[in-house]
Peer 1: 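Take a look at the following structure, please.
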Amino acid sequence: MLPLTHKDPSSIIIRIKERILGWKRLIWSDKATRNLFLFLILNFSFAFVELAYGIWTNSLGLISDSFHMFFDCTGLIAGLVASVITKWRADDRFSYGYVRAEVLAGMVNGLFLIFIAFFIMSEAVERAIEPPEIKHERLFLISVLGLSGNSHIMKGVFLHILADTLGSVGVIISAVLMQMFGWLIADPICSMFIAILIFLSVLPLLKESVNILMQRQPSALDNELPRCYDAVKRLAGVYSVQEPHFWTLCSDVYIGCLKLEVARSVDPRYVIAQTQMIFESVGVRQLNVQLDYYREYNELS
């Protein structure tokens with residue numbers, strides 16, 4: 001009779017605790033990851049405050065700005081998880097490691113932000129047609145707090161902080177216009193402004209993520225690679241550069257491969273070393289070089 005296996009609940013709790021402590025060590029070991037985590041806590045806390053105050057005052061401007069901050073938090077969580085995953089060691093199946101996780105996180109983040117931008121715009125259009133009653137006298141304080149809260153974390157994720165900060169400015173302006181002139185339509189207009197701002201701010205992020213996933217040649221090297229090709233062709237015994245392929249592994253990590261047509265008399269180690277040095281000078285960290293030996297006409301006859 002086979003012995004029955006029994007899982008001790010305490011051992012499961014210990015494993016979970018060890019996993020959490022492991023993640024904690026990874027987060028606090030890196031300054032950028034630690035700052036991202038602290039910014040996530042700050043952003044998440046103030047998003048709750050702004051959402052509650054927006055519901056209390058019936059302000060779509062504050063509610064939309066709080067939703068933007070919540071979706072910032074989802075993006076920050078994805079970025080935080082990705083930053084931890086990128087530190088995992090490479091293995092047999094993932095020979096380049098897990099650094100591409102940051103690209104996937106950026107893609108997910110961008111899609112989330114586009115979704116919320118369309119949601120805010122549709123709500124704003126509905127309120128512009130039928131403006132509800134808004135307690136505008138309560139808006140100004142929380143809007144200014146939102147602006148100051150964002151201004152102290154400008155060193156974080158710049159794209160989202162810029163959108164948050166300008167969104168808070170928009171809510172302040174709408175609160176002033178409603179309080180001074182009674183323009184209730186200022187609130188949905190402010191929300192439209194925030195939605196457009198979110199959409200425009202996320203386009204570069206999505207474009208960069210798509211370019212990396214589609215393995216486009218790094219845009220930062222568009223002007224540098226032709227000069228590198230010319231430098232390689234000036235090496236003694238090198239006739240041509242063929243089949244160059246360069247791509248971005250993750251942020252500012254460029255990898256490439258190419259084939260060189262060379263004379264049979266060249267020193268292969270010298271040519272490969274010099275070629276790698278030329279491309280390393282422009283930021284290519286890893287370059288695979290294949291040599292094709294040129295056959296002279298008299299050898300063929």
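In what follows, every heavy atom counts, from backbone to side chain, and hydrogens, waters and symmetry copies are set aside. Residue indices begin at 1 and follow the sequence shown.
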Peer 1: In the structure I gave you, are the side-chain heavy atoms of L260 and L258 within less than 4.5 Å of one another anywhere?
Peer 2: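 Heavy-atom side-chain distance check passes, below 4.5 Å.
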
Peer 1: Using the rule given for side chain to side chain contact (heavy atoms under 4.5 Å, CB included), can you reason through M121 versus I196, listing the C-alpha separation, both sets of side-chain angles and the distance that settles it, and then say yes or no?
Peer 2: CA-CA 8 Å; M121 179 62 74; I196 294 172; 3.6 Å; yes

Peer 1: How long is the gap from CD1 on I278 to CG on D230, to the nearest 0.5 Å?
Peer 2: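 Going from CD1 on I278 over to CG on D230, the span is 10.0 Å.
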
Peer 1: Are V232 and Y270 connected in a single hydrophobic cluster, I mean Ile/Leu/Val/Met/Phe/Trp/Tyr linked by side-chain heavy atoms less than 4.5 Å apart?
Peer 2: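 As far as the 4.5 Å side-chain criterion goes, V232 and Y270 are connected within one cluster.
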
Peer 1: What I'd like to find out is whether the side chain of R285 reaches to under 4.5 Å of the side chain of E280, using heavy atoms alone.
Peer 2: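 Sidechains of E280 and R285: no contact.
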
Peer 1: Verify the cluster assignment for L203 and M192: are they in a single hydrophobic cluster under the rule of side-chain heavy atoms below 4.5 Å apart?
Peer 2: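 Same cluster: L203 reaches M192 through Ile, Leu, Val, Met, Phe, Trp or Tyr contacts under 4.5 Å.
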
Peer 1: Hey, would you say the F279 and F246 ring centroids sit under 6.0 Å apart?
Peer 2: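 Centroid distance F279-F246: below 6.0 Å, so yes.
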
Peer 1: Is there a side-chain contact between M107 and V210, using heavy atoms and a 4.5 Å cut-off?
Peer 2: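 They are in side-chain contact.
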
Peer 1: Distance check, rounded to the nearest 0.5 Å: S209 atom OG versus L111 atom CG?
Peer 2: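 So the gap between those two atoms works out to 8.5 Å.
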
Peer 1: Flag yes if more than 12 heavy atoms outside E208 fall under 6.0 Å of its CD atom; otherwise flag no.
Peer 2: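 For E208, atom CD is not crowded (no more than 12 foreign heavy atoms under 6.0 Å).
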
Peer 1: With F44, which residues qualify under ring-ring contact (aromatic ring centres under 6.0 Å, His included), at least two apart?
Peer 2: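 Here the qualifying residues are F48, F70.
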
Peer 1: Judged by atom type as modelled, is there a donor-acceptor pair below 3.5 Å linking the side chain of R100 to the main-chain atoms of L249?
Peer 2: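 Yes, the answer is positive, given that a donor and an acceptor are paired below the 3.5 Å cut-off.
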
Peer 1: Does a side-chain heavy-atom distance below 4.5 Å link L287 with I255?
Peer 2: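 No; the side chains remain at least 4.5 Å from each other.
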
Peer 1: Tell me whether S95 contacts the main-chain N or O of D92 through its side chain, where contact means a donor paired with an acceptor under 3.5 Å.
Peer 2: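 No.
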
Peer 1: Does one hydrophobic cluster hold both V284 and V253, with members joined at side-chain heavy-atom distances below 4.5 Å?
Peer 2: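 They do not share one cluster, since no chain of ILVMFWY contacts under 4.5 Å joins V284 to V253.
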
Peer 1: Specify the closest pair of heavy atoms between L221 and V282, including all atoms of both residues, with the distance to one decimal.
Peer 2: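 Taking L221 first and V282 second, the nearest heavy atoms are CD2-O, 3.3 Å.
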
Peer 1: Indicate yes or no: at least one non-hydrogen side-chain atom of C257 is less than 4.5 angstrom from one of W247.
Peer 2: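 Sidechains of W247 and C257: in contact.
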
Peer 1: Taking the side chain as C-beta and beyond, is there a heavy-atom pair between Y229 and S240 under 4.5 Å?
Peer 2: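 No, every pair of side-chain atoms sits at 4.5 Å or beyond.
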
Peer 1: Rounded at 0.5 Å granularity, tell me how far CD in Q217 sits from NE2 in H245.
Peer 2: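 So the CD of Q217 and the NE2 of H245 are separated by 11.0 Å.
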
Peer 1: Would you check if V271 and T275 make a side-chain contact, meaning some heavy-atom pair closer than 4.5 Å?
Peer 2: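 V271 vs T275: side chains touch.
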
Peer 1: Before you tell me yes or no, could you show the steps for V238 and V266 under side chain to side chain contact (heavy atoms under 4.5 Å, CB included), namely the whole-Å CA-CA distance, both residues' side-chain angles and the distance that decides it to 0.1 Å?
Peer 2: CA-CA 8 Å; V238 177; V266 300; 5.9 Å; no

Peer 1: Between S122 and V125, is any pair of side-chain heavy atoms under 4.5 Å apart?
Peer 2: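 No; the side chains remain at least 4.5 Å from each other.
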
Peer 1: Looking only at the side chains, is there a donor atom on one of Y239 and D292 sitting less than 3.5 Å from an acceptor on the other?
Peer 2: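 Looking only at side-chain atoms, D292 and Y239 do not form any donor-acceptor pair under 3.5 Å.
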
Peer 1: To the nearest 0.5 angstrom, please state how far the OH atom of Y98 sits from the CG atom of L104.
Peer 2: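 Between atom OH of Y98 and atom CG of L104 there are 13.0 Å.
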
Peer 1: Honestly curious: do Y96 and L213 fall in one hydrophobic cluster under the side-chain, below-4.5 Å linking rule?
Peer 2: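 Different clusters: Y96 never reaches L213 through Ile, Leu, Val, Met, Phe, Trp or Tyr contacts under 4.5 Å.
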
